[in-house]
Q: 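First the structure, which I've put down as C-alpha cells, then a few questions once you've had a look.
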2 protein chains.
Amino acid sequence: MIEIHLLEQLVAFADCGTLSGAAEKLHISQPALSRSMQRLEEELGVTLFERQRSRLTLNDMGELAVRYARNLLLQENAMIQQIREADRKKRTISVGSCAPVLIPDFVSLLSRLFEGMTISTELTGDPRLPDYLKEGRYQLAILHKKPDEETFYSVPVADEKLFVTLPPVHPLADADGLYLKDLDGQTFLLYSQIGFWDELCRREMPSARFLLQQDMDVLGELVANSAFPAFTTDYVMERSGPVTDRMVIPVLDEEASVTYYCACLKEEKARFRPVFEYFQSTSGSRSRRL
Amino acid sequence: MIEIHLLEQLVAFADCGTLSGAAEKLHISQPALSRSMQRLEEELGVTLFERQRSRLTLNDMGELAVRYARNLLLQENAMIQQIREADRKKRTISVGSCAPVLIPDFVSLLSRLFEGMTISTELTGDPRLPDYLKEGRYQLAILHKKPDEETFYSVPVADEKLFVTLPPVHPLADADGLYLKDLDGQTFLLYSQIGFWDELCRREMPSARFLLQQDMDVLGELVANSAFPAFTTDYVMERSGPVTDRMVIPVLDEEASVTYYCACLKEEKARFRPVFEYFQSTSGSRSRRL
DNA sequence: AGGGTTTACGTCGTACGTAAGTATT
DNA sequence: AATACTTACGTACGACGTAAACCCT
C-alpha cells in the first residue's frame, strides 16, 4: 500500500526537477523528501530515479509512476470534492419558483419544517421549470399551473389576482375592470423580478414599454410620485397595505388570476409530507395563504 | 488530502458491517479503527455514519464514499501492479524462437552481453512470430526466413540442414538424398519441441504418423533401439556427435535447408547492437555458428 | 450480561528537522 | 565555493493498544 502523500511528493519532484525545490514547495525539509522517495522506491520494489551523486532525475519507471500518480491524485481530489458536494446538496432544499411573492414565506416555512437544512430559492420565469424539477435541479417548485400528475405530486398553496393601478387622472381610471390588451402601448413601472408574470405581460401587451426597477421600496416611491400605470396583486396589497392615491382595477384576463401549486417529484412526496400537510390543513380557512 | 489507509479501513468496515470485525480483519485494535473513521469524517468535513450509540452504520454519504474509495483502491493497486510489471518487462529480454537448437547458446550469449537482464525464451512453431515481435510480445526473434526489412532489422546467425536417419535395413537406407514426400505414410520418432519444422513435416507428409517424445535423451535411446525413421540436423550432429548405427540421409526439399535470422524492430537496433555485432564478426569464419 | 462503540491514557514507531558528509559544477 | 543529494542522529507528533466507561439488545 502506498500512501497518497508519497505520490504527492513524487509529483512535486517531477514538477520541480529537484528535491530541494520540491521540498520547499511542500514545506518540508529536503532530507525528508529524499527519504520519502527512497521509501517509495522501496515499497514499489522498483527504482524510479537516476542517481548521479549530485543530481536526481526520473528514469523511465519514474516517469511512468508520475503519470499514474498524477492520475490518482486527480481521482482522489475528485472523490473528495464530489463527496462534499453531494453532502452539501443533501442538506439543502432547492426551490424553484415562478412567482416572487410566495418566496419569503415559503422559505420561512421550510426552515421551520426542515431544521438544519439550507433552503436555496431561485425565481424564474422559465416555463421549463417543471422539467428542471424533474431533472433534480430543484427538489420543490412553486408553479402557477397544476403540473403533470403522472410525474409530480402537488397541492395548491395560494391564489393571486393581478390588478393594474392607475393615477386618478388616467383615461382608463374609471374602469371596473380591464384586459391587458386594453393597456397595450403604454409605459409601465414594473418590478423586475416577477417570474412568470413577465411572459404574460409581454405576450398580451407587445407594444408596451416597461421601466424596470429592482428595489421594491424604490418602485413604491416611483409609483406614488409618477403617473405611469403599474401592477399589483391582492396578495401584495394584503401584506403591504393598499395602494394610495391610485385607482386599483382588476385585470380581467383569465390568466391574471392564478392558483399556485407547490410540487415535488412523486418519489419525494414522503420526504416533503410536512409541507403538503401544512397547506392541506390551512387550505380553505385563509383562502390558501401561506 | 486523505491517506489511502483510511480508505482501506473504510472499505473494510463496509465489508464487515462492524468496527470490531473490520479491526480484526485489518489487524488493528477496534478503538484505533473508531478513531480513524472519525478522522476520515473530519478530513472530509462530512458525516459518513449513523451513530446509534451501540451500532455504527454507513449513511448515504458513507455509501457514496465507500464506492469512491473502492474505485480509488482498485486504481492504486492497478498502478502498483503496472509499474512493477513495466519494470520487470524493462529488465527482461523476451525472445521468440522458431527453432529449438539455437536457444541455449543464444540465451548464454544474451546473458553475457546484457548482464543483470532476465532472458526469457519461448519456442513456437507459430508463423505469426514476426507479428508478435512487432507487437512487443518479444524484443528479439529467431526466424527461419529474413523478415520484412521495412519493419525489422535482422542478421543471419546460423544455417541448419535437415537429415533423416534410417536403420540400415530400411528400404530407403541406401538413398543419397530424399524428399520428405518420399517418406510420407511412415511412422517417425520425433522430438516434440521442434518449432517451425513441425509445420514442414505435417505439410509434406500428411499421412505420416509421429511418436512424440519430450526428453531429448530418451528420444536418443529410442532412436538407437528402434527401427522408426527419425530426423536430425547438421547443427545437432555437430554438437551431440554423429548418429550411430543409422544411415544419415540429407533431406532434399528446399525448405529443409534454412538460414536462421536474429531480428528485432528497427527502432531497437541500437539497443541490441552488441548481439548483431557478435554475429557479423563471426559470420563466415565459423559458417555462422553461435 | 454481552457485544459494540467511544473516551482516556500511556507507549512506541516513524517521519521530521538539524547537522554533517560527499559529490558535482 | 556553491549547490544538491545522502547519511546520521535526536526529537516530537501521532497512531496504536490497553483499560475503562457507556449504551443498546
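Throughout, a chain's letter reflects where its sequence line sits, starting with A, and its residues are numbered from 1.
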Q: Please walk me through it: do A:Thr118 and A:Ile93 pass side-chain contact (heavy atoms from CB on, under 4.5 Å)?
A: CA-CA 6 Å; A:Thr118 303; A:Ile93 299 173; over 6 Å; no

Q: Using a strict 4.0 Å threshold on nitrogen-to-oxygen distance, state whether B:Glu50 and B:Arg55 make a salt bridge.
A: no

Q: When the nearest nucleotide of DNA chain C is assigned to B:Thr18 and to A:Arg55 on a heavy-atom basis, which residue is associated with the more 5' position?
A: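 This one resolves to B:Thr18.
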
Q: With a 3.5 Å cut-off and no angle check, do the side chains of B:Asp105 and B:Ser108 form a donor-acceptor pair?
A: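 No, no side-chain donor-acceptor contact under 3.5 Å.
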
Q: Separation of A:Ile28 atom CD1 from C:dC16 atom P, in whole Å?
A: 6 Å

Q: Would you compute the distance between atom OG1 of A:Thr121 and atom CG of A:Leu110 and round it to the nearest 0.5 angstrom?
A: 9.5 Å

Q: Under 4.0 Å between a side-chain nitrogen and a carboxylate oxygen: does that hold for A:Glu8 and A:Lys25?
A: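 Between A:Lys25 and A:Glu8 there is no salt bridge, as every charged N stays at least 4.0 Å from the carboxylate O atoms.
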
Q: Taking CD from A:Gln30 and P from C:dA19, how many angstroms apart are they, rounded to a whole number?
A: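 Spelled out: CD on A:Gln30 to P on C:dA19 is 15 Å.
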
Q: Nearest 0.5 Å, please: how far is CZ in B:Phe152 from CG in B:Leu133?
A: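 Those atoms lie 5.0 Å apart.
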
Q: Could you tell me the separation between the CD atom of B:Glu50 and the C1' atom of C:dT6, rounded to a whole number of Å?
A: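 In whole Å, C:dT6 C1' and B:Glu50 CD are 17 Å from each other.
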
Q: Can you tell me how far P of D:dT18 sits from CG of B:Leu33, to the nearest Å?
A: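 Answer to the nearest Å: 15 Å.
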
Q: Distance alone, cut at 3.5 Å: any donor-acceptor contact between the side chains of A:Gln139 and A:Ser94?
A: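 Per modelled atom types, A:Gln139 and A:Ser94 side chains form no pair under 3.5 Å.
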
Q: Tell me: CG of B:Leu58 to P of C:dG4, nearest whole Å?
A: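 For the pair B:Leu58 CG and C:dG4 P, the rounded distance is 16 Å.
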
Q: Can you see whether B:Tyr235 engages B:Asp159 through a side-chain donor-acceptor pair at a distance of less than 3.5 angstrom?
A: no

Q: Would you call B:Arg51 and B:Glu41 a salt bridge, using N to O less than 4.0 angstrom?
A: yes

Q: NE2 of B:His5 versus C1' of D:dA15: gap in Å, rounded?
A: 8 Å

Q: Compute both the distance and the angle, then confirm whether A:Lys266 meets the cation-pi test with A:Tyr153: under 6.0 Å from the six-membered ring centre, within 45 degrees of the axis.
A: no

Q: For the ring pair B:His144 and B:Phe196, is the centre-to-centre distance below 6.0 Å?
A: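 Yes, they do, as the ring centres are separated by less than 6.0 Å.
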
Q: When every nucleotide of nucleotides 19-25 of chain D is labelled 5' to 3' by its protein contacts under 4.0 Å (heavy atoms), B for base, S for sugar-phosphate only, - for none, what sequence of letters results?
A: B---BS-

Q: Going by number, which of residues 20-27 of chain B have a non-hydrogen atom under 4.0 Å from DNA chain D?
A: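 By residue number: B:His27.
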
Q: Tell me which residues in residues 34-45 of chain B put a heavy atom below 4.0 Å from DNA chain C, sorted by number, or none.
A: B:Ser34, B:Arg35, B:Gln38

Q: Figure out the CD/C1' separation between A:Glu3 and C:dT14, and round it to whole Å.
A: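 Answer to the nearest Å: 13 Å.
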
Q: Using whole Å, report how far CZ of A:Arg51 lies from C1' of D:dA4.
A: 13 Å

